[in-house]
Amino acid sequence: MAITVTQAAADRVNDFLANRGKGIGLRLGVKTTGCSGMAYVLEFVDELNPEDEVFEDHGVKVIVDKKSLVYIDGTELDFTREGLNEGFKFNNPNEKAQCGCGESFTV
Amino acid sequence: MALLQISEPGQSTAPHQHRLAVGIDLGTTNSLVATVRSGNVQTLPDENGNHLLPSVVRYLDNSVEVGADALLHAVADPANTIVSVKRFMGRGIGDLRVLGSKLPYQFVDADKAVPRIQTRGGDVSATEVSAEILRALKKRAINTLGDELQGAVITVPAYFDEAQRQATKDAASLAGLNVLRLLNEPTAAAVAYGLDSGREGVIAVYDLGGGTFDISILRLHQGVFEVMATGGDSALGGDDIDHVIAEWMLDQAGYTQDPEPRLARELMRAARAAKEDLTEQSQTGIAIDTDEFQWHGSLSREQMNALIEPLVRKTLMSCRRALRDAGIANQDIIEVVMVGGSTRVPYVRDRVGEFFECEPLVSIDPDRVVAIGAALQADVLVGNKSGEDMLLLDIIPLSLGIETMGGLSEKIIQRNTPIPVSRAQDFTTYKDGQTAMALHVVQGERELVSDCRSLAHFELRGFPPQVAGAARIRVTFQVDADGLLSVHAREENSGTEASVDVKPSYGLTDGEIEAMLRESIDHAEEDMQTRTLREEQVEAERVIEALDSALEADADLLTEEESQTISAARESLVLTSAGDDPEAIKKAIVGLEKACEDFVARRMNTSIRKAMKGHAIDEYATEDE
């Protein structure tokens, strides 16, 4: 089981954490909302929960709760730019389909 | 797939419900939009990487250009290219006429309240021009953030009055922006530096922009920024620095003619480049090579400092005045925030630091600091932060009140009250049988309405006639979080209501806004005396009015002699109340009341007898007897 982070994403996460002045890492997860079943969660983490698993890649601590992990195991987190917009992207091998907007998915 | 941003712990949003909000610095020369993404506040650039959007709008036959494209045509097509529209916001045609001789625009007088500028694309108001700038920034934000905006915080100068704030809000709604709130520019700059959660005390915000200089003295107390004083110069900025350098170059070259527009532009460009070089270097080379003018030379930082010294001194004089208005000393300032591109000049920083005796805050880009503060505030207002982050409050800069008898201003909400706020006060009628009341809403610190600023007139009509003083009219002033006022009047006995939203009643010049506070202090004593006099005069008028209506009804109760005594006392009151001695009027009122004592008692008895006529005395027995 593993979650990976691209160099571009790691650089951004480290910048954002430094800027924020606190936080131990980045939470990746899923929520069961959205038009197509599930939605991704991306949050700063200030403290760990007992059910959390911690991965480390390119110097970034990635925190995932065990329930979410089954849906996103093997995911690579990337940071990209599309026109003026920029942000993070989940490259999730478990994903079977996305809703048209791309904000929620099914496995 | 959509690109994601990092949220605060527990603040992840459901798909399609991103709480996207921006801060907008709607400036005189340039405008910016900023937002908080992944906990990181940043201004948003356009496709070419430019963060600043020149606040310039050019009207074509069927389209509108905004920003750099429009700016390119400002010289060639001045009548249709509107620059510095912020100066016209919330202003009446009269104010614009004063500026008019220097402006290339044709103003149309069709609608008196809102002057319109004639352009090739039709007549436009200042509000509509500002809306175009906001629309361009909104589009940039949506393209960057990938979704609709939930709202925006827009900054305005601290000295903006109700009319100018309302005009700004109207521009936002024209542009389809939901205004979370308007925020004072110096407050936004202080927020960008996190001063709102810092040490309580007095902060100075020194804002030297391209064409304007503003100094604001703020006091932070219990999470509220109170504007203690503002000052500045609406015609002093970075352009003037460039100008003195350009003049110097002409001097050095021994050029005595007036430069052609093209050469003038080239000189200004070279001057600006030299100024910018001298921020980092102590010496810079200058080369100008046009057909009519060639010059090569160099400028040292010391030389430039000497050139701009008079300009910097002028700003510091404004600072001194603002401190005096605020009633504090230089050493009381705990932080100085630097805003505006011209504060990059090291000499400006040094002199400001010396003046306030503290190291100015310069770590945030001074062009962007206001937009950044607005974005931070927008992020809190839209709910992306957890509860511990306090909502920032603003205060009312000038007292709000209504006109009472004698042309006096009765203040309902005192200045420096935190907003939003709602305050009510009861008033009554002045004459018997009165069924309507005119309400005049005013702004300012002076005692006389004629010295205050008129905001709105409205009438409460159709309440039942009652004797003077019996009607209960409750007037409620409500100021929302943006500093916008609505006034509501209700006659409590009948439930008759009327209200007014303070719509721009345009017409206040720059100097007046800033001078209002100062005048109220300068004239405090005189105002107090005038107030006392007016109050006695109103009272005299009321007494005479009451006497006259009593005489009309019951003159037959008086002997000839009594009637003469009363008439003499009445005359003496009429005479003294036309004078300016409140004590004398007071005495005359007492004199008249004394002369009328018997008459009043006799009237009372007569009316009781009249009322009791035909009734048995035991009908009046009380139950417990």
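Note that the structure is predicted; figures quoted are calculated from it, not measured.
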Checklist outcome for this item: Distance col, row B:Gln42:CD vs A:Asn19:CG, nearest 0.5 angstrom, shows 9.0 Å

Next on the checklist: Using side-chain heavy atoms (C-beta onward) and a distance below 4.5 Å, is B:Leu4 in contact with A:Lys89?
Outcome noted: no

Checklist entry - If you look at every heavy atom in A:Phe16 and B:Asn40, which pair is closest and at what distance? => result CE2-ND2, 3.2 Å

Next on the checklist: Let me confirm one number: the CD-CG distance from A:Glu82 to B:Asn143, rounded to the nearest 0.5 Å.
Outcome noted: 12.5 Å

Next on the checklist: Check whether B:Arg37 reaches the backbone of A:Glu86 with its side chain - one donor and one acceptor, N or O, closer than 3.5 Å.
Outcome noted: yes

Next on the checklist: For the OG atom of B:Ser38 and the CZ atom of A:Phe88, what is their distance to the nearest 0.5 Å?
Outcome noted: 5.0 Å

Checklist entry - How far apart are the closest heavy atoms of A:Glu43 and B:Ile6, and which atoms are they? => result C-CG2, 3.4 Å

Item to check | Atom CD of B:Glu359 with >12 non-hydrogen neighbours under 6.0 angstrom | outcome: no

Item to check | A:Leu26 versus chain B, the contacting section by heavy-atom distance below 4.5 Å | outcome: side chain

Item to check | B:Leu145 side, atom CG; A:Asn85 side, atom CG - distance, nearest 0.5 Å | outcome: 7.0 Å

Item to check | Heavy-atom pairs under 4.5 Å with chain B, option from A:Val45, A:Asp15, A:Val41, A:Val13 with the top count | outcome: A:Val41

